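Beneath this line is the structure, given in structure tokens, with notes to follow.
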Amino acid sequence: MKALLNLSALFIAAGAAAAGISDSGFVSEKAAHAASQYRGHLAVIDSIGTFVNPRTVNPDGSTWYVPVDDWCSGFFPGSLWYLGELTGEGEWKRRAADYTETLDSAQYLTWHHDVGFIIGSSYLNGYRLGGKKEYMSAVVNAAKSLSTRFRPGAGVIQSWNVDKGWQSERGWACPVIIDNMMNLEILFEATRATGDSTYYNIAVSHANTTMAHHFRTNFSCYHVVDYDPATGEVRHRQTAQGYADESSWARGQAWALYGYTMCYRYTGNPSYLYQAVNVCDMIFSDPSMPADLVPYWDYNAPGIPAEPRDASAAACTASALYELSTYLPARGYKELADKITASLSSPAYRAEIGENSHFLLMHSVGSIPHGHEIDVPINYADYYYLEALLRKKRLDEGNKTLF
Ligand code: GLY
């Protein structure tokens, strides 16, 4: 609760700096720009003549299209759902449904935890925004698939397998990454739809265990915590995509903020709300945070300020803050989200129509330690930016129900 007392001045200052974003027409102008840019995406795809799913831009300038089981396969369909809602144009929802249904087999995916990202951003959005009540069966099946990764002895969902690939070289037994918080949403939805509390209980167990072991005393978080799956003993606290084990990887902090805000939505548990508040406090108190509130890819990256920014972390943070503002309306979270959204909508981050291989945002980072997706457009940056715009639109219209 200490954080609740500290941040008002920063939030009020940030809100005051967000000139222009309160203008009526801000969201509709940004949505029109995004629709125009994504029409270019679809025109390229249509010219290929088959469903291809754009994730990012390769070093040679070609677009990287991903298969169904890639963790990013749901974001392009999800962006189409959001464009449909933002523009009110039915054609987007038709295209979104077509894309969503190409991911049909993903609901049975059990070899990694990101079935939550994949099905949540595609089918769950179609259920919520497209009137596709029949999509809930895919969400429930995905929750079943994700539940196969629950390790009761440790109380967590195992994020990655450790039998092959680079993950097999780290000596992990049951690695859990902070990103996994995002995958819990489909579990809560599955319990809501079926009445079966198994999914809810798994989500709560994972959130509680993560809260106990993933965070430092200043509420920054580790990327990877490795558990003994039988006993729950913590074996390692490390990073995979951050600068160092003890550093704060920017997108990981954003996943934490979004994840605990979302867990509060479904549980009403105040400890999740306070966790989100404290993570927010840490993010915006960090001395590395630039004035435009788009973080460097890691708060402890050694070359700051000559390090890449991560627009995806900023977009996810903005969307989370819009939701957090509905639970704590007097604390300036909406103004803070507005400032981030305004930064991302500026020419510093938002591409001109026809540029940037038809992605909306420039300057995201996938994984610097793995040497890929460095200072590029990435589909989840666009997805969370559009989600933030949609949440802002609803809040500006006086609608506090974001879902
Ligand atoms: N979930 C993987 C990432 O955030 O890069």
Side-chain angles (χ1 to χ4, degrees), residues 53-57 64 66-76 78-79 106 109 111-122 142 146 149 156-162 165-167 170 172 175-186 206 210 214 220-226 238-244 247-260 262 279 283 294-299 301 308-320 359 361 363-385 387:
N53 196 327
R55 165 169 165 161
T56 185
V57 179
W64 179 11
V66 291
V68 169
D69 60 355
D70 186 272
W71 82 274
C72 295
S73 66
F75 295 120
F76 186 69
S79 290
L109 189 162
W111 68 270
H112 62 69
H113 67 148
D114 288 319
V115 63
F117 274 114
I118 296 169
I119 297 296
S121 49
S122 57
L146 184 58
R149 304 186 65 80
V156 290
I157 297 163
Q158 181 171 338
S159 296
W160 292 326
N161 291 353
V162 291
W166 65 267
Q167 287 99 336
R170 300 291 297 262
W172 293 327
V176 174
I177 60 175
I178 190 64
D179 323 30
N180 208 334
M181 289 299 301
M182 303 293 286
N183 291 316
L184 305 184
E185 186 167 4
I186 61 164
H206 185 93
T210 298
H214 245 90
S220 68
C221 65
Y222 291 91
H223 183 199
V224 185
V225 175
D226 177 41
Q238 293 175 325
T239 198
Q241 287 165 249
Y243 165 63
S247 73
S248 299
W249 173 53
R251 197 162 53 257
Q253 315 311 304
W255 294 146
L257 173 63
Y258 191 117
Y260 281 98
M262 177 269 294
V279 171
I283 288 174
V294 178
Y296 296 95
W297 69 280
D298 189 300
Y299 297 161
R309 305 290 191 93
D310 184 10
S312 77
C316 178
T317 299
S319 184
F359 290 93
L361 298 184
H363 306 311
S364 289
V365 164
S367 181
I368 285 186
H370 296 93
H372 72 88
E373 298 177 313
I374 300 170
D375 196 14
V376 290
I378 309 185
N379 64 6
Y380 48 87
D382 288 6
Y383 174 83
Y384 288 105
Y385 171 70
E387 185 178 271

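By convention here, the first residue in the shown sequence is residue 1. Indexing begins at 1, ligand by ligand and atom by atom, following the structure's order. Only a predicted model underlies this, so the values are computations on that prediction, with no experimental measurement involved.
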Review point. Should the heavy atoms of other residues, nucleotides or ligands under 6.0 Å from OH of Tyr299 be counted, would the total exceed 12?
Key: yes
Practice item. Compare all side-chain heavy atoms of Arg170 with those of Pro175 and state whether any distance is below 4.5 angstrom. Key: no
**Study point:** Phe117 vs Tyr383 side-chain heavy atoms within contact, under 4.5 Å
**Key:** no
Check your understanding: Does the side chain to side chain donor-acceptor pair (under 3.5 Å) test come out yes or no for Asn53 and Ser73, once each step is laid out?
Key -> CA-CA 7 Å; Asn53 196 327; Ser73 66; 4.9 Å; no
Review point. Pick one: which of Asp114, Val115, Asp179, Asn183 meets side-chain contact (heavy atoms from CB on, under 4.5 Å) with Trp71?
Key: Asp114
Taking a 3.5 Å cut-off between nitrogen or oxygen atoms, can you list every pair linking ligand 1 to the protein, with distances?
| residue | atom | partner | partner atom | Å |
| --- | --- | --- | --- | --- |
| ligand 1 | 1 (N) | Asp179 | OD2 | 2.6 |
| ligand 1 | 4 (O) | Asp179 | OD2 | 3.2 |
| ligand 1 | 4 (O) | Arg251 | NE | 2.9 |
| ligand 1 | 4 (O) | Arg251 | NH2 | 3.4 |
| ligand 1 | 4 (O) | Trp255 | NE1 | 3.0 |
| ligand 1 | 5 (O) | Gln241 | NE2 | 2.7 |
| ligand 1 | 5 (O) | Arg251 | NH2 | 2.6 |

Point to revise | Distance-only side-chain donor-acceptor flag, Tyr258 / Glu185, under 3.5 Å | key: no
